[in-house]
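Single-structure report; data block below.
Counting starts at 1 for both ligands and their atoms, following the listed order. Along the sequence shown, the residues carry numbers beginning at 1.
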Amino acid sequence: MCHGWMHVRCLALNASYEPLTMVPVRRALRLVIDHKAEIVEADGLRTVCSASLVVPRPAVIRLVRFVHVPRRFRRQVTNTFLFARDEYRCQFCGRRTIDLKSRECLTRDHLVPISRGGTNQWTNVVTACSSCNTRKGNRLPTECGMQPLRVPLEPHFVHLTWAVRRLTPVQGKYIRLFYGEDTLRTLQGL
Ligand SMILES: [Zn+2]
């Protein structure tokens, strides 16, 4: 049967079994067909079809060759991940998404503004509601007395993935294999 799998994601492991990222199943299949990855775990009950073959739906794939992934690519700061890191809470006034007024929204605030040499690194960006972002404007935290609730740190990729999109138990097994039981338990507690 060829339906209902387009939105499903596959956990991609490096050749070293390090969990790298979640990829759409279509992309995972392309890697397998091109012999760039092997299927480590499949959802045996489901199959996906391309023009000429039927294969089990991959749940976990492993790259055939080790790929060095620079940290800056591995952990790009998207707003989805940024908001998840900060638990969807404005780091200045502490309000969550549900506390915002209809005309407000969560935004990305640069502690050191871009115009003053700030970067998009994890340690310089925080989640801020649009009102706090406007209020802070072009100032440094020390200039306006607005310090974030938590010191912004670079989160672990796996924590982010878990926060944004839950892994299946089969996929979780590989998190445990690589990072250990404690990490998996921490993730499950989020
Ligand atoms: Zn705020």
Side-chain angles (χ1 to χ4, degrees), residues 6-14 18-28 68-169 171-172 174-176 178-190:
M6 293 295 289
H7 65 288
V8 180
R9 295 211 161 214
C10 172
L11 175 66
L13 308 175
N14 212 335
E18 178 186 8
L20 285 182
T21 189
M22 305 293 281
V23 296
V25 164
R26 177 185 287 274
R27 182 155 162 237
H68 176 71
V69 184
R71 284 165 66 91
R72 65 197 169 93
F73 288 123
R74 199 178 290 186
R75 296 169 193 172
Q76 272 183 0
V77 188
T78 63
N79 277 354
T80 304
F81 280 171
L82 176 65
F83 298 165
R85 181 197 67 180
D86 295 338
E87 297 172 344
Y88 306 94
R89 184 188 289 274
C90 172
Q91 290 300 294
F92 297 116
C93 68
R95 290 183 301 160
R96 290 173 181 271
T97 313
I98 54 168
D99 304 322
L100 300 180
K101 295 169 187 156
S102 59
R103 66 176 186 281
E104 293 177 317
C105 59
L106 292 182
T107 65
R108 168 190 305 221
D109 181 70
H110 299 83
L111 294 179
V112 178
I114 293 275
S115 62
R116 298 174 67 172
T119 67
N120 266 303
Q121 289 173 335
W122 281 108
T123 50
N124 190 51
V125 291
V126 295
T127 302
C129 72
S130 45
S131 298
C132 286
N133 199 332
T134 301
R135 190 152 52 91
K136 180 171 173 293
N138 206 29
R139 296 176 294 176
L140 300 172
T142 48
E143 293 171 347
C144 56
M146 294 171 69
Q147 296 290 347
L149 298 174
R150 288 191 303 201
V151 176
L153 299 174
E154 179 175 339
H156 195 290
F157 154 74
V158 177
H159 285 86
L160 291 174
T161 304
W162 196 275
V164 172
R165 186 182 295 111
R166 285 197 165 272
L167 303 172
T168 66
Q171 292 168 342
Y174 290 85
I175 304 299
R176 181 168 55 227
F178 198 86
Y179 293 112
E181 187 68 40
D182 287 348
T183 297
L184 187 64
R185 249 199 297 273
T186 304
L187 295 171
Q188 285 170 335
L190 289 175

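Contact between Phe83 and Thr107 at its shortest, heavy atoms only, is CE2-O, 3.5 Å. In plain terms, the two heavy atoms of Phe92 and Cys132 that are nearest each other are CB-SG, 3.8 Å.
The local environment of CZ in Arg103 is sparse, with at most 12 non-hydrogen atoms from other residues, nucleotides or ligands closer than 6.0 Å. Annotation: Arg150, atom CZ; neighbour count of heavy atoms from other residues, nucleotides and ligands within 6.0 Å is above 12.
In this view, Thr119 and Gln121, Asn124 satisfy the side-chain contact (heavy atoms from CB on, under 4.5 Å) rule, not counting sequence neighbours.
With Asp109 as the partner, the salt bridge (Lys or Arg N to Asp or Glu O under 4.0 Å) test is satisfied by one option alone out of Arg135, Lys136, Arg139: Lys136.
Within the protein, the N, O or S atoms sitting under 2.8 Å from the Zn ion (ligand 1) are Cys90 SG, Cys93 SG, Cys129 SG, Cys132 SG.
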